[in-house]
Each structure stands twice: as C-alpha cells, then as structure tokens.
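Proteins get letters first, then strands, A, B, ... in listed order; numbering begins at 1 in each. Computed from a predicted model, the values in this text were never measured in an experiment.
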Amino acid sequence: DQQVKQNSPSLSVQEGRISILNCDYTNSMFDYFLWYKKYPAEGPTFLISISSIKDKNEDGRFTVFLNKSAKHLSLHIVPSQPGDSAVYFCAARSSDSNYQLIWGAGTKLIIKP
Amino acid sequence: EAGVAQSPRYKIIEKRQSVAFWCNPISGHATLYWYQQILGQGPKLLIQFQNNGVVDDSQLPKDRFSAERLKGVDSTLKIQPAKLEDSAVYLCASSLVNSGYTFGSGTRLTVV
C-alpha cells in the first residue's frame with residue numbers, strides 16, 4: 001500500500017528551464033508535506049515543505065504547490081541548474097502518526113548542460 | 001552545529017554473518033530514526049526512538065534486526081544473521097519533537 005507515489009523514476013531537463021517533479025498521495029489525513037534532495041553517497045537533505053493549510057510555498061528557485069482536492073503536490077525548480085541533479089523524495093506526515101514520514105520512491109532529476 | 005554521524009560508511013559481509021551500525025545524533029535531538037533504503041525505493045522506517053524508549057518498531061524484522069539507544073543519545077542497529085536482501089543503505093536521522101529530520105550520510109551494506 002503506497003500512500004505516497006512518485007510515478008516518474010527519472011526526469012531530464014535542460015539547464016535554465018523549469019523542472020517539475022510530481023507526487024501523489026492517498027491518505028487524506030496527511031497534514032504536512034516535505035521534499036528532500038539526495039546526492040549519491042549522502043543522506044537526504046531537507047529542501048522545502050508545505051502545510052496542508054496552504055497551497056503554495058516558495059523559497060528562492062524552489063516552489064511547492066499543493067492541490068488537496070487532487071491529493072497532488074509538485075515541486076518546481078526554476079531555473080534549473082547542474083547542481084540540482086539529484087534524487088528528489090516527496091514525504092508526507094499525519095499528525096496522528098508520531099510525526100513519522102511516509103516516503104515516495106524518489107525521482108532522479110538530471111539537468112543537461 | 002555538527003550533523004548526524006554514522007559509521008561505517010561502507011560494509012561488505014557474507015550472508016549469515018552479523019553486522020552493526022552506529023549513529024550519533026545531533027546534540028539535543030530527542031527523536032532518532034533508523035531507515036532502510038533499497039535502491040530505487042524511498043526510505044523505509046525500521047525503528048523510531050524517543051530518548052531511549054522505542055516509539056515504533058513495527059517494521060523492524062525482529063528475528064534478525066535489533067536496535068538500542070543507550071542513555072538516549074547514540075544508537076546501534078544490528079543484523080544477525082544477514083541475508084542477501086538486507087543489502088541497502090541504512091540511514092540514521094534525528095529530530096527535535098515535531099520538527100524536520102536531519103539525516104546522516106548512511107551506511108551502504110552489501111551482503112554477498
């Protein structure tokens with residue numbers, strides 16, 4: 001039972017263009033969503049998050065959009081840079097789950113020069 | 001602020017051998033997590049500690065995996081005996097209550 005799904009295992013984007021990474025979830029009790037970035041041989045690092053009471057959160061080149069009715073969130077990176085090449089994980093949390101995160105399988109983003 | 005420290009970084013063992021991983025969380029972080037990440041999948045929670053007490057170990061294969069957190073600080077995760085399917089990256093993370101996680105660099109285990 002995959003509660004958090006990232007259906008694209010990989011995505012290739014030209015440098016300077018917009019990267020859009022998608023994430024779908026099934027549990028309507030999720031109230032907080034996070035994106036993590038992972039380079040090879042390193043642990044995931046926190047990138048950006050959004051509470052379920054919002055529909056958008058922006059931090060520099062990174063924006064996360066949340067569509068609660070569709071149970072869908074997306075991460076936009078604009079403009080994409082070579083250093084953005086990494087695996088991006090979507091994660092979600094519900095307030096009744098000991099603050100544990102439920103993770104997607106990740107999307108590998110490749111930024112082409 | 002020092003990050004989450006894990007050791008070793010890499011480990012190769014034969015099946016049926018035992019192995020142990022060590023984690024030192026960020027100072028003051030009460031919550032500590034051990035995750036297993038298999039290639040192509042998201043991290044899977046194995047065990048969650050709050051100080052030195054276990055909050056959730058429902059996904060820990062207790063016939064072969066064990067974990068402890070001494071004095072609510074450092075933690076060790078042990079596998080005995082290891083199976084081929086245990087090959088994965090083992091990630092430790094820590095957090096304050098109700099805050100974001102900080103992950104260590106992980107231990108890549110290969111069982112041959």
### Query
chain A heavy atoms under 4.5 Å from B:Gln41: which part of the residue, side chain, backbone, both or neither?
backbone

### Message
Heavy-atom cut-off 4.5 Å, strictly under: side chain, backbone, both or neither for B:Gln6 against chain A?
### Response
neither

### Task
Counting only heavy atoms closer than 4.5 Å, note whether B:Tyr35 contacts chain A via side chain, backbone, both or neither.
side chain

### Query
When you check the gap from the basic side-chain N to the acidic O, do A:Lys68 and A:Asp55 get nearer than 4.0 Å?
no

### Query
Under a 4.5 Å heavy-atom cut-off, does chain B meet the side chain of A:Leu101, its backbone, both or neither?
both

### Message
Any carboxylate oxygen within less than 4.0 angstrom of a Lys/Arg side-chain nitrogen, looking at B:Asp86 and B:Lys15?
### Response
no

### Query
Is B:Gln50 reaching over with its side chain to a backbone N or O of B:Val55, donor-acceptor style, under 3.5 angstrom?
no

### Task
Mind running side chain to side chain donor-acceptor pair (under 3.5 Å) on A:Gln100 and B:Gln48 for me, showing each step along the way?
CA-CA 8 Å; A:Gln100 292 173 11; B:Gln48 177 184 353; 2.9 Å; yes

### Task
For residues A:Trp103 and A:Tyr36, determine if any side-chain heavy atom of one lies less than 4.5 Å from a side-chain heavy atom of the other.
yes

### Task
Sort out for me which of A:Gly43, A:Pro44, A:Gly104, A:Pro9 touches chain B most, counting heavy-atom pairs under 4.5 Å.
A:Pro44

### Summary
The interface call for A:Lys38 against chain B, heavy-atom contacts under 4.5 Å, is side chain

